[in-house]
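So the structure is just underneath, and the comments pick up after that.
A note on names: the letters A, B, ... follow the listed sequences, proteins ahead of strands, and every chain is numbered from 1. Predicted model only: the values in this text are computed from it and were never measured.
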Number of protein chains: 2
Amino acid sequence: MATIRDVAREAGVSTATVSRVYNGSSLVTESTTQLVMEVAARLDYWPNSAARSLITNRTYTLGVVLPDLFNEFFSEIIRGIDHAARARRYQIILSCFHDDSRELIAMAKSMRGRIDGLIAMAPDAGSAKVIANISRHFPVVLLNPGFQTKDCSAVSIANYDGARALTRHLLECGHQRIAIVKGPARNVDAEERLRGYRDALSDAGVNSDPSMEILGDFRQESGEQICADILRIRPRPDAVFATNDYMAIGLQSALLAHGVRVPEDIAIAGFDDISLAGYVNPSLTTVGIDAYGLGAKAVRRWFSDSGAGGARTQQEILPARLIVRHSCGGSRIDRISEEHQSNEQSGGSS
Amino acid sequence: MATIRDVAREAGVSTATVSRVYNGSSLVTESTTQLVMEVAARLDYWPNSAARSLITNRTYTLGVVLPDLFNEFFSEIIRGIDHAARARRYQIILSCFHDDSRELIAMAKSMRGRIDGLIAMAPDAGSAKVIANISRHFPVVLLNPGFQTKDCSAVSIANYDGARALTRHLLECGHQRIAIVKGPARNVDAEERLRGYRDALSDAGVNSDPSMEILGDFRQESGEQICADILRIRPRPDAVFATNDYMAIGLQSALLAHGVRVPEDIAIAGFDDISLAGYVNPSLTTVGIDAYGLGAKAVRRWFSDSGAGGARTQQEILPARLIVRHSCGGSRIDRISEEHQSNEQSGGSS
DNA sequence: TTGTATGCGTTATCAG
DNA sequence: CTGATAACGCATACAA
């Protein structure tokens, strides 16, 4: 492959001139610019960005480390990150990992020299020191951390507020015995949603009952399997808060198959407002979160932090929004827990 | 930040020795290895991989360029790519783009020096020369190209076969007037599915009728909006093949809201087998595709091509699988159009 | 306006 | 087994 030297030789100029042309230096004559561009095109010269960043110390690339998600939430976060990064002409190095904070630091290390900073979803509170270490090497913005940190900025989703508002809504609809399907252990989102549920109950003077808290894993199969557990509870709950929409839809489908009416016999609520939540029957009352906005905001925060005098310790929380549909009875009114953030969606494919 | 020189100086050895330690050279004494590791840890030394790849000419990174998808298909492909790459200790640079082949080559160029090869989903047949150009710089594997190429390998999904099998199934169920909801113009998947539908009809001696071909955009809103168009067709179709599940579910939901029974009045079929396809009511007859496998296979193909004597022009097609559920009537039997490929799914999060 | 020379952080080659 | 030194491809002070 042609290097800058090949182009310089072939064009009869110095490498410095070629470099200047490629960096848009105003010092170069129009005619030499033309010449260099022509030769470069002929040799099919592609500048080596690794070599460039070695000397400039900038890679125009952000590292992204996410757990191994596999649903809309994941792709929306990525889209948000990618769009916001692209708007600044930055690229993305992506890595998934599996719940281990040692793996997290290994990924960060392996990105050294190839990224200017990192957007990461930390696995759990145990990774706090790891994050502190990483952020000594480059600016980090955390997505939805489950812990407090003064080492870097973070952008979170209002899991707690959303779950609390939703539970309160169920109570207002007249439901008394509200069960919850929890998410996987040690999952930050799952823990916060559980906390919101418990606090809403205790606010209303309802004792939280361990037998009403059932373990799920955030997949629709788990919602389906849990159906039997729900129906076994005595006295039977009159509402179930499944802590994500996939489980809610799996559960609702199984209940209907058992002849249980939703919402008349049991109300069902979910969380996330996935794109199909309004299209199941009955349509799902849930909490809308802005995954796209989460990713986009994290990137914008990173740029703010990296600028002169960047704070590097901003903690932002994106609002969650109660979306009342038909699966819980009550009136069908969209309620906004906080201001709604619009996001720049775009067209798609299969 | 500490460099290899800092570590060498502090440890009283040469940079070559430090380098040898980090590259696992067997030539280094146990004691010096210990010493170097100790000093490196104390200085918090992270090797700069850009500098390393400048001389080794290897980045252990694959570029991934995908259109701006926003659903399960996208995240499954990424997961497949990431897992297969990680198994070889490779990383991923990800970029989304918007339908423009000039944008495609710009991304490829900007990755020069930072990747060893590329996995790309080409926008359309017009990008064939662009792909040819790129593959002169590093090995490329194409995902689902809509065109023939001898410049690189490709892995595709059997859109045509799947659509044809599905349409044949609708005919076998006794449906005569089968409408189709097409995907966006110039979309490769959409075109192939349409072709399969048309060929299945003509195989059965049914004239394809332009008024039965309705334009959609692969989003559930479009399925919903199209409901009115479907009901306006005279005589009314007795089945609708929506070329992806999102549109099928949107349409089904709208039809039910209009009091049209599915499948008694109109049968509905989809494509993709998204995770919720079995959980809507009635459950959706569709065609299952293996997006995870598509990504994983592309990466494996890339490694095969890059090895000694790699062919670099292999064309693979992943089978599509007819999945008969309840939305089209007929018997509920899972039929396999070709052998079923298992894929290594793993646990997840919100 | 252009060329020369140096260095970014690492690995590879060759002596020792 | 270890060290000195020349690359890798590029950008940038400085000189011309």
**Report entry** Smallest separation among heavy atoms of A/M107 and A/C96, with atom names
**Finding:** SD-O, 3.7 Å
Report task. Would you mind classifying the nucleic acid contact of B/S53 as base, sugar-phosphate or nothing, using non-hydrogen atoms under 4.0 angstrom? Result -> nothing
Requested in this report: Among residues two or more places apart or on two chains, list those pairs meeting salt bridge (charged side-chain N to carboxylate O under 4.0 Å, His left out) that have a residue in residues 83-95 of chain B.
Outcome: A/E103-B/R86, B/D82-B/R86
Requested in this report: Heavy atoms only: give me the nearest B/M111-A/S49 pair and the separation to one decimal.
Outcome: C-OG, 4.2 Å
Query raised in the report: Between the two ends of the helix from C/dT1-D/dA16 to C/dG16-D/dC1, what is the bend in degrees, rounded to 10 degrees, where each end axis spans five pairs?
Result: 40°
**Report entry** Protein-to-nucleotide contact annotation, 5' to 3' order, nucleotides 4-14 of chain C [B base; S sugar-phosphate only; - none; under 4.0 Å, heavy atom]
**Finding:** B--BBBBBBB-
Query - Aromatic A/F303 / basic A/R301 pairing, under 6.0 angstrom, 45° off normal - result: no
Query raised in the report: At their closest point, which heavy atom of A/G113 faces which heavy atom of B/A50, and how far apart are they?
Result: O-CB, 3.2 Å
Query - With A/F147 via ring pair (Phe, Tyr, Trp, His ring centres under 6.0 Å) - residues at least two apart - result: none
Query raised in the report: Mind checking which nucleotides bracket the chain B contacts on DNA chain D, 5' to 3', with an atom under 4.0 Å from a heavy atom?
Result: D/dC1 to D/dG9
**Report entry** A/T61 side chain to B/R114 side chain, donor-acceptor N/O pair below 3.5 angstrom
**Finding:** yes
Query - For B/Y22, ring pair (Phe, Tyr, Trp, His ring centres under 6.0 Å) partners two or more places apart - result: B/Y45
Query raised in the report: Between the side chains of B/S156 and B/E316, does any donor sit under 3.5 Å from an acceptor?
Result: no
**Report entry** Under 3.5 Å side-chain donor-acceptor pair for B/R312 and B/S135
**Finding:** no
